[in-house]
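Following: one structure in structure tokens, then a few remarks.
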Amino acid sequence: MHPETLAIYQNRVVDANAGAVAPPISLSTTFERDADGTFPHGHVYARTSNPNRNALELALAQLEGGFDGLAFSSGQAATMTLLLGLRPGDHVIIPDDAYHGTPALLEELFHPWGLTYTRADFTDLTHIQASIHENTRLIWIETPSNPLLKIADIQAIAALAHQAGAWCVCDNTWATPILQRPLDLGCDVVMHSTTKYIGGHSDVLSGALVFREDGELYQRVRRFQLLGGAVAAPFDCWMLLRGIKTLTTRIRAQSATALQLAEFLNRHPAVEAVYYPGLETHPGYAIAQKQMAMFGAMLSVQIKDGAEAAMAVAGHVRLFTRATSLGGVESLIEHRASVEGPNTTTPQNLLRISVGLEHADDLIADLEQALLHAKPA
Ligand SMILES: *Cc1c(COP(=O)(O)O)cnc(C)c1O
């Protein structure tokens, strides 16, 4: 089945009690035993399993082509639980421009716990290769990256990881399984902040892991999920399943609009540079074309004349919302360096854009009028 069909058909469980077409939300924390002491529906207690969470985990596994999915209370909870699956003494390699929460977890929580890590340039395979140590157990990919939309070659990096006896994980938040399926390219695990495109409406905080196969890492991480209990709540799972039904259509429409915006910005005289992997001039274009169905709905732009000009553009948008995050139906714009704080390496004149579901012409018109303010008076 195609993903859009799968997303709807897979969720089509008509409720046995009322015949309800939309699934009920199961809020109960505890489940009844039969007279013989067994649990006829398989659920015992809500931290261990719940019908809404099971349905979500199955849907995510199917979309990513994995063996099982695990749903968490945030993307960070998913990353944290995966790292707990490693052991003190292990070494991790992450991209030098990974989502800032990933190195923050490694530095503040896992370094004292016994993990070491190296940040490498993931557009350069020799740099990753040179960062591999004897105790490297995990290589963490994130592509496209944030906020410079760098493209990492998933298949080549997964092969490097396996040669080194390490697992390969891909943070697939930005691409979604509709545009990119890392498990098919050799990764062992996919991580998602489902807060973003999977939810799709900026109203659920949640995360997930999908595993390619059963094994040591899956078993350990699943134990930590159940014991640690950073699980997604039933209502959040229900919202995410609702989001999945429209995911294919949303991400395709948003990606198509993003390409139009990138092309418009690329021609604009007030713009210094556009970062979007769908532009042929982007250094990752060839790899993106190989591993992605479309180029996604995130782009970054550097405005000529520095930080003040960039701030002026962000300050004059009318349709875009000035906010961080991504993946919702409403287009967002943000001055990225302000969000990342004083240690950021992000250029001060960079604006990051999350393209929503508005009409491309309206978004372009809004940027056009806001860009008039880029010029110093
Ligand atoms: C948002 C995000 C995360 C963190 O997820 P939360 O749901 O905010 O905890 C991780 N990776 C990427 C790429 C993200 O965009």
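Every number for a ligand or one of its atoms is a count from 1 in the order of the listing. This chain uses plain numbering: 1 for the first residue, then up along the sequence.
- For atom 4 (C) of ligand 1, the closest non-hydrogen atom on the protein side is Y99 CE2, 3.4 Å.
- The closest protein non-hydrogen atom to atom 14 (C) of ligand 1 is K196 NZ, 3.0 Å.
- Looking at L205 next to ligand 1, no N or O pair under 3.5 Å apart turns up.
- In terms of protein heavy-atom proximity, atom 9 (O) of ligand 1 is closest to Q76 N, 2.9 Å.
- Heavy atoms of D171 come nearer than 4.0 angstrom to ligand 1 in at least one pair.
- Checked by distance only, ligand 1 and E142 stay at 3.5 Å or farther apart across all their nitrogen or oxygen atoms.
- Here the CZ atom belonging to R352 is positioned 4.0 Å from the CE atom belonging to M298, to the nearest 0.5 angstrom.
- Of the N and O atoms on the side chains of S338 and H335, at least one donor lies less than 3.5 Å from an acceptor on the other residue.
- At a threshold of 4.5 Å between non-hydrogen side-chain atoms, the residues P95 and S145 do not count as touching.
- R53 and D236 are not joined by a salt bridge, as no carboxylate oxygen comes within less than 4.0 angstrom of a charged side-chain nitrogen.
- There is no side-chain donor-acceptor pair under 3.5 Å between H127 and D96.
- When S73, A98, G75, S145 are ranked by how near their heavy atoms come to atom 6 (P) of ligand 1, first place goes to G75.
- In this structure, T79 and L105 approach most closely via the heavy-atom pair CG2-CD1, 3.7 Å.
- Residue-ligand proximity, T195 to ligand 1, at heavy-atom distances under 4.0 Å covers atoms 7 (O).
- Within ligand 1, the atoms closer than 4.0 Å to a non-hydrogen atom of S193 are 1 (C), 2 (C), 3 (C), 4 (C), 5 (O), 6 (P), 7 (O), numbered from 1 in the order shown.
- Centroid-to-centroid, the aromatic rings of F110 and Y117 stay 6.0 Å apart or farther.
- In this structure, S206 has a heavy atom closer than 4.0 Å to ligand 1.
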